[in-house]
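Sending over a structure as structure tokens; questions will come in a sec.
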Amino acid sequence: MRLLFALAALPPAFAHDAHSPAQHAATPEESAFLADNEAAMNRMMSAMEAKPTGDIDRDFVAMMAPHHQGAIDMAVLQLRYGQNEQLRRIAQEIIVSQMQEIAAMKLAIGEQAPASTPAPTQSSQAPAVHHHTTMPAGMKK
């Protein structure tokens, strides 16, 4: 409770992101990352707007699969643009685990799992064949 009051008492300057565009000029790479990230988020949010079918299990998968795909898309962007090796390893793990979870959810409701393709973290750089995403060109190994 004290923490909530302490946070509420912070000056307004702390309420803004320390990396807001007004405080620094974005590099071309950061601008590209931000644009790609916004596109990934918009795709995810749009795909999660599944109409209810009356089948709770199918509706859950219809909303969660795009949510997991959004995590994959964001992790791919970390691999493409990020420099922190620890975060890059975490992003690789996110990609693999989320792909597995999408497949498991689809199998659980009797749908065919997505085609087996190399994860976008593998050196072949084959495009991922998930319902709406392909691996960005120029992704770092």
Side-chain angles (χ1 to χ4, degrees), residues 1 3-141:
M1 191 73 159
L3 178 60
L4 291 176
F5 287 119
L7 290 174
L10 287 175
F14 286 103
H16 299 293
D17 183 3
H19 297 289
S20 68
Q23 294 181 355
H24 77 279
T27 64
E29 185 173 57
E30 182 183 16
S31 294
F33 165 77
L34 292 172
D36 288 349
N37 190 64
E38 182 176 357
M41 293 294 289
N42 288 337
R43 277 192 310 271
M44 177 185 72
M45 296 306 290
S46 177
M48 287 175 57
E49 293 177 6
K51 279 190 161 187
T53 65
D55 183 331
I56 293 170
D57 296 327
R58 287 188 178 282
D59 293 348
F60 174 76
V61 173
M63 290 181 286
M64 286 303 292
H67 178 68
H68 282 40
Q69 184 63 49
I72 292 167
D73 295 347
M74 291 170 65
V76 166
L77 294 176
Q78 170 60 26
L79 293 176
R80 183 174 184 189
Y81 296 105
Q83 303 300 315
N84 183 301
E85 286 304 317
Q86 184 177 4
L87 292 176
R88 291 172 57 77
R89 283 191 298 276
I90 291 168
Q92 290 172 333
E93 292 171 11
I94 288 169
I95 292 166
V96 172
S97 66
Q98 298 297 290
M99 289 173 74
Q100 291 171 341
E101 288 186 18
I102 290 170
M105 285 187 289
K106 290 190 178 274
L107 289 171
I109 61 170
E111 288 186 13
Q112 197 163 10
S116 179
T117 61
T121 60
Q122 295 177 357
S123 62
S124 71
Q125 294 192 355
V129 188
H130 297 290
H131 57 275
H132 64 274
T133 301
T134 57
M135 184 186 67
M139 184 178 73
K140 297 175 187 174
K141 290 183 186 176

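Basis for what follows: all heavy atoms, side chains included, without hydrogens, waters or symmetry-related copies. Small disclaimer: the values here were computed from a predicted structure and weren't measured.
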- Message: For a 4.5 angstrom cut-off between non-hydrogen side-chain atoms, does Gln98 reach Met74?
- Response: no
- Message: On a heavy-atom basis, which atom in Ala71 and which in Ile94 lie closest, and how many Å separate them?
- Response: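 Distance-wise, the nearest heavy atoms are O-CG2, 3.9 Å.
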- Message: I need the minimum non-hydrogen distance between His68 and Glu101, along with the two atoms involved.
- Response: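 His68 and Glu101 have their closest heavy atoms at NE2-OE1, 2.6 Å.
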- Query: Rounded to the nearest 0.5 Å, how far does CD1 of Ile95 lie from CD1 of Ile90?
  - Reply: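 The distance works out to 12.5 Å.
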- Query: How about Glu111 and Met105: do any of their side-chain heavy atoms sit closer than 4.5 Å?
  - Reply: no
- Taking all non-hydrogen atoms of both residues into account, name the closest pair between Ile102 and Pro114 and its distance. CG2-CG, 4.0 Å
- Do we see a donor-acceptor contact under 3.5 Å between the side chains of Asp36 and Tyr81?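 Yes.
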- Could you tell me the separation between the CG atom of Asn37 and the CD atom of Gln78, rounded to the nearest 0.5 Å?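 Asn37 atom CG to Gln78 atom CD measures 10.5 Å (nearest 0.5 Å).
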- Query: Is there side-chain contact between Arg43 and Gln69, with at least one heavy-atom pair below 4.5 Å?
  - Reply: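 The answer is no, as the side chains (C-beta and beyond) never meet within the 4.5 Å cut-off.
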- Message: How close do Met63 and Ala50 get, counting heavy atoms only, and between which atoms?
- Response: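 Taking Met63 first and Ala50 second, the nearest heavy atoms are CG-CB, 4.4 Å.
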- Is a side-chain donor or acceptor of Ser46 paired with a backbone partner of Asn42 at a separation under 3.5 angstrom? no
- Task: Decide yes or no on side chain to side chain contact (heavy atoms under 4.5 Å, CB included) for Val96 and Gln100, but give the supporting numbers first.
- Result: CA-CA 6 Å; Val96 172; Gln100 291 171 341; 3.8 Å; yes
- Task: Could you tell me the separation between the CD1 atom of Ile56 and the CD1 atom of Ile109, rounded to the nearest 0.5 Å?
- Result: 13.5 Å
- Message: For a quick test of reading the model, state the closest non-hydrogen atom pair linking Gly54 to Asp59 and the distance between them.
- Response: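 Shortest heavy-atom separation between Gly54 and Asp59 comes out as N-OD2, 3.6 Å.
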- Query: Is it true that atom CE of Met64 has more than 12 heavy atoms of other residues, nucleotides or ligands lying nearer than 6.0 Å?
  - Reply: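 Above 12, so yes.
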- Message: side chain to side chain contact (heavy atoms under 4.5 Å, CB included) for Lys106 and Gln112? Distances and angles first, verdict last.
- Response: CA-CA 6 Å; Lys106 290 190 178 274; Gln112 197 163 10; over 6 Å; no
- Message: Using every non-hydrogen atom in the two residues, find where Ala40 and Asp73 come nearest and quote the distance to one decimal.
- Response: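 Minimum heavy-atom separation between Ala40 and Asp73: CB-CB, 3.9 Å.
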